[in-house]
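Below: one structure, written as structure tokens.
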Amino acid sequence: MADKLKIITQNLQEVLNEQIIKHVIEVEQRPLNIYWGTAPTGRPHCGYFVPMTKIAHFLQAGCHVKILLADLHAFLDNMKAPLDLVAYRVKYYERIIKAMLSSIGVPIDKLTFVIGSNYQLSEKYTMDIFRMSSLVTQNDAKRAGADVVKQVESPLLSGLIYPLMQALDEQHLDVDAQFGGVDQRKIFVLAEEYLPPLGYKKRAHLMNPMVPGLTQGGKMSSSDPNSKIDLLDNPKTVSKKIASAFCAAGVVEGNGLIAFVEYVLLPVSQISLTNIGDEKVLVEKEARFFIDRPEKWGGPIEYSSIEQLKADFASEKLSPQDLKQGISEALNKLLDPIRDEFDNDPSFKELEAKAYPPPVAPKSAKKKEKVLGSKYLEAIEAKKKRETEKQGADATGDSIDDVAAKVSETNITE
Ligand SMILES: N[C@@H](Cc1ccc(O)cc1)C(=O)O
């Protein structure tokens, strides 16, 4: 039993109200009900493997797990997903999350996917938003969302409703605990404070650390394509991004690549599905991260713990190049089945195209300039320069409109 708690909290940065979990496991002796919510905004990237490994742990500990596809939240957060696209994004997220889970060996029949708007528009839920909005000050709602809702110059009211609804989700999804990144902490604390005065139970909160991105000091962000790896990036792009990732020899602190091994590759390598009687259950096997290192740098090496790897990296026994090599190979193995599924299923591709249509650049140059600003003009200049350099030899490059589309994309997405 203590085991279950250990598995549930393994690799987490922080747990609030652990006693609630203990009570369910030890006293009530029933499966813990837990949920993880995700707002279907930008394309899910490799950082999503971090919560996936935790979901594997929860299932391994016999929990009942719900995944909330928080469509209304995706809209409420500064329209990161416009209403006409959000339904497709929900479907895309569900597909790709399922593909990720299968790739790491987690059975999806033990999971429930819930779409936010399916219950968040009910009378009861709506009334709860109103009731809660009469308890929470503007200031507290604003602060609760500070690390989650995009911070803009003239904050919209929708960003204040967002944290209230996330708190209410715990009640309306009927769970004992909510799981999320430590960036959700302020919303979790808001939930703990305001559910009881509404007549609802306080929930436990489980938080995984924020795994740094591939660029120096950055976190994985949808707006910087080099900071993260898309789940559908091809093997070459994956290797290229990893090869150019920031990774100073001997420096373990803040190293996004080491964090990726710690929070994704090692835990994923431990997931194992076995038959006990008629039932398939998740068990843990020994962790393993293999680097096919060239003989001249010491030959192939295998790590079974992150401490071992960190020690070798700190003492420069393991070089950034070799680490990168090992990560590229392991990650590409994880992505292979996802890419395969995508490539071989036209409906998956169609869904992706509908969920993330290319942005349309405005027609007239004047409008382009107005909408896209100086970035557009700079891009045009750069494009012209490249063209003159190439002296028109290669006509397959981006057209001016492609450039405009790309620039407008960087402006539109987070
Ligand atoms: N806030 C979460 C999404 C979420 C939305 C609603 C919830 O109930 C839970 C989680 C995120 O940043 O992605």
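Remember, it's 1-based here, ligands and their atoms both numbered in the order they're listed.
The existence of a salt bridge linking Asp3 and Lys6 is excluded, since no basic side-chain nitrogen approaches an acidic carboxylate oxygen closer than 4.0 Å. Taking the charged nitrogens against the carboxylate oxygens, Asp230 and Arg339 have no contact shorter than 4.0 Å, which rules out a salt bridge.
Aromatic ring pairs are classed by plane angle as parallel below 30°, tilted from 30° to 60° and perpendicular above 60°; the pair Tyr93 and Tyr48 is perpendicular.
With a 6.0 Å cutoff to the six-membered ring centre and a 45° limit on the axis angle, Arg43 counts as a cation-pi contact of Tyr356.
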Kindly list each side-chain donor-acceptor pair under 3.5 angstrom involving residues 107-116, sequence neighbours excluded, with atom names and distances?
none

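Residue-level contacts of ligand 1 at the 4.0 Å heavy-atom threshold are Tyr35, Gly37, Ala39, Leu68, Ala70, His73, Val148, Tyr162, Gln166, Asp169, Gln178, Gln184.
Closest non-hydrogen pair, Tyr125 versus His172, comes out as CD1-CG, 3.4 Å.
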